[in-house]
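To start, the structure itself, in structure tokens.
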Number of protein chains: 2
Amino acid sequence: MKRASKPSEIDEAQLASALRGAHLRVTLPRLAVLRELWRTAGAVSHADLTGRLSPHGIDRVTVWRNLMALSEAGLVARTDLGDHTWRFERADPNAHAADAHPHFVCVDCRKVTCLPDDAVFLSSAAARGAIVLEVQLKGRCGACLTR
Amino acid sequence: MKRASKPSEIDEAQLASALRGAHLRVTLPRLAVLRELWRTAGAVSHADLTGRLSPHGIDRVTVWRNLMALSEAGLVARTDLGDHTWRFERADPNAHAADAHPHFVCVDCRKVTCLPDDAVFLSSAAARGAIVLEVQLKGRCGACLTR
DNA sequence: ATCATGATGCAACCACGTTGCAATAGAATT
DNA sequence: AATTCTATTGCAACGTGGTTGCATCATGAT
Ligand SMILES: [Mn+2]
Ligand SMILES: [Mn+2]
Ligand SMILES: [Zn+2]
Ligand SMILES: [Zn+2]
């Protein structure tokens, strides 16, 4: 049996080819953004991502432009959870699809929580000729309630 | 029959007493903000309001602080329609409560539609120690789909 | 190896809010 | 009416999220 390369290397190769498949050059910053999104569960803000990548010499504008490029390429999902900030997460059909599950955002601490799909049921009345892309709940989270 | 004063004067008196009733001092800038909101149909942004009032020497920070004060006093309703900007409008007590029913906002045309309460069911999983104040659906409305 | 063009870093900019502070002006009290 | 207390104001400065211009660099095609 052929010895498999380390998981991280396999990841890298997959990510790189995903980029090429989208006609995007495989650059170090771009790969770093994609990798970070891939190893993160849930939606991440630009600021958050910049915090993780700028120590490695990657500029925040570059991070932003890559988030845009990746979103437009369909590799990354961009969502506005209602807290005045764009969030990004891996657009992986076989996992955690961005628009598949509802989100809860706390109006006090602004924290965003991913909810299971079965947390919200939409009756047929919700559709009415429209298509629903996203479900957001706003409220006060447990932590803020006891504070 | 006693001659009524001009509508604008009546307005002023009502507005002033509304402020006093909320334990807010009736100042020229505050009255101006309230009046502008009262004579406007629909939701207005801070920038918009500032554009109208700064020619009269009212500072944008003052406009903002008054919008906050009036919102907290319940005289004005503050909403985030998902476009990263707060909108303000007169809080009309006899109109529907903002948080009582879910809303659908079209990501294309930004139009906001009120949904019946039974359009959305929240399972117990949605709560998890939090309280839900608002349910917002985003998507593409019928009009935008056929366009 | 050459080269065209996409991608990067940096600086500057914009919109929307927010904060600090000294000066001003409501309104309650005398 | 003058005094007093303190809410409110204007101005300046700051913060965050996002955008733009441009010279330089590096990918990947030839
Ligand atoms: Mn999520
Ligand atoms: Mn409504
Ligand atoms: Zn919270
Ligand atoms: Zn629409």
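Within every chain, numbering begins at 1; the chains are lettered A, B, ... in the order of the sequence lines, protein sequences first and strands thereafter. The figures here come from the full heavy-atom set of this structure, side chains too, leaving out hydrogens, waters and symmetry mates. Quantities reported herein were computed from a predicted structural model and do not represent experimental measurements.
Scanning for salt bridge (Lys or Arg N to Asp or Glu O under 4.0 Å) contacts around B/E89 gives an empty result, with sequence neighbours left out. Residues passing the side-chain contact (heavy atoms from CB on, under 4.5 Å) test with B/A22, sequence neighbours excluded: B/L24, B/A73, B/L75. B/R65 pairs by the salt bridge (Lys or Arg N to Asp or Glu O under 4.0 Å) definition with nothing, not counting sequence neighbours. Not a single salt bridge (Lys or Arg N to Asp or Glu O under 4.0 Å) links B/R90 to another residue, sequence neighbours left out. Evaluation of the salt bridge (Lys or Arg N to Asp or Glu O under 4.0 Å) rule for B/D59 yields no partner, not counting sequence neighbours. Residues passing the side chain to side chain donor-acceptor pair (under 3.5 Å) test with A/T50 are A/H46, sequence neighbours excluded.
When each of A/L15, A/L67, A/V26, A/N66 is paired with A/L34, the side chain to side chain contact (heavy atoms under 4.5 Å, CB included) condition holds for A/L15 and for no other.
Sorted by first then second residue, the salt bridge (charged side-chain N to carboxylate O under 4.0 Å, His left out) pairs that include residues 33-56 of chain B, not counting sequence neighbours, are B/E12-B/R35, B/E36-B/R39, B/E36-B/R52, B/D48-B/R52. Counting only residues at least two apart or in different chains, salt bridge (charged side-chain N to carboxylate O under 4.0 Å, His left out) contacts with residues 15-32 of chain A are absent.
Contact check of residues 23-40 of chain B against DNA chain C (heavy atom, cut-off under 4.0 Å) returns B/R25, B/V26. The stretch residues 62-71 of chain B comes close to DNA chain C through B/W64, B/R65, each having a heavy atom under 4.0 Å from the strand. Contacts between residues 45-60 of chain A and DNA chain D, defined by a heavy-atom separation below 4.0 Å, involve A/H46, A/A47, A/R60, listed by number.
For the pair B/R20 and B/R78, both in contact range of DNA chain C, the more 5′-proximal nearest nucleotide belongs to B/R78.
Rounded to the nearest 0.5 Å, atoms CD1 (B/I131) and CG (A/L137) are 12.5 Å apart. The structure places CZ of A/F104 at 11.0 Å from NZ of A/K138, a figure rounded to the nearest 0.5 Å.
Protein chain A contacts DNA chain C from C/dT5 to C/dG17, reading 5' to 3' and using non-hydrogen atoms of the protein with a distance under 4.0 Å.
When all heavy atoms of A/S45 and A/R87 are compared, the closest pair comes out as N-CD, 4.2 Å. The two residues A/T62 and A/P29 come nearest to each other via the heavy atoms CG2-CB, 3.8 Å.
With rounding to whole Å, B/E72 atom CD is found 14 Å from D/dA7 atom P.
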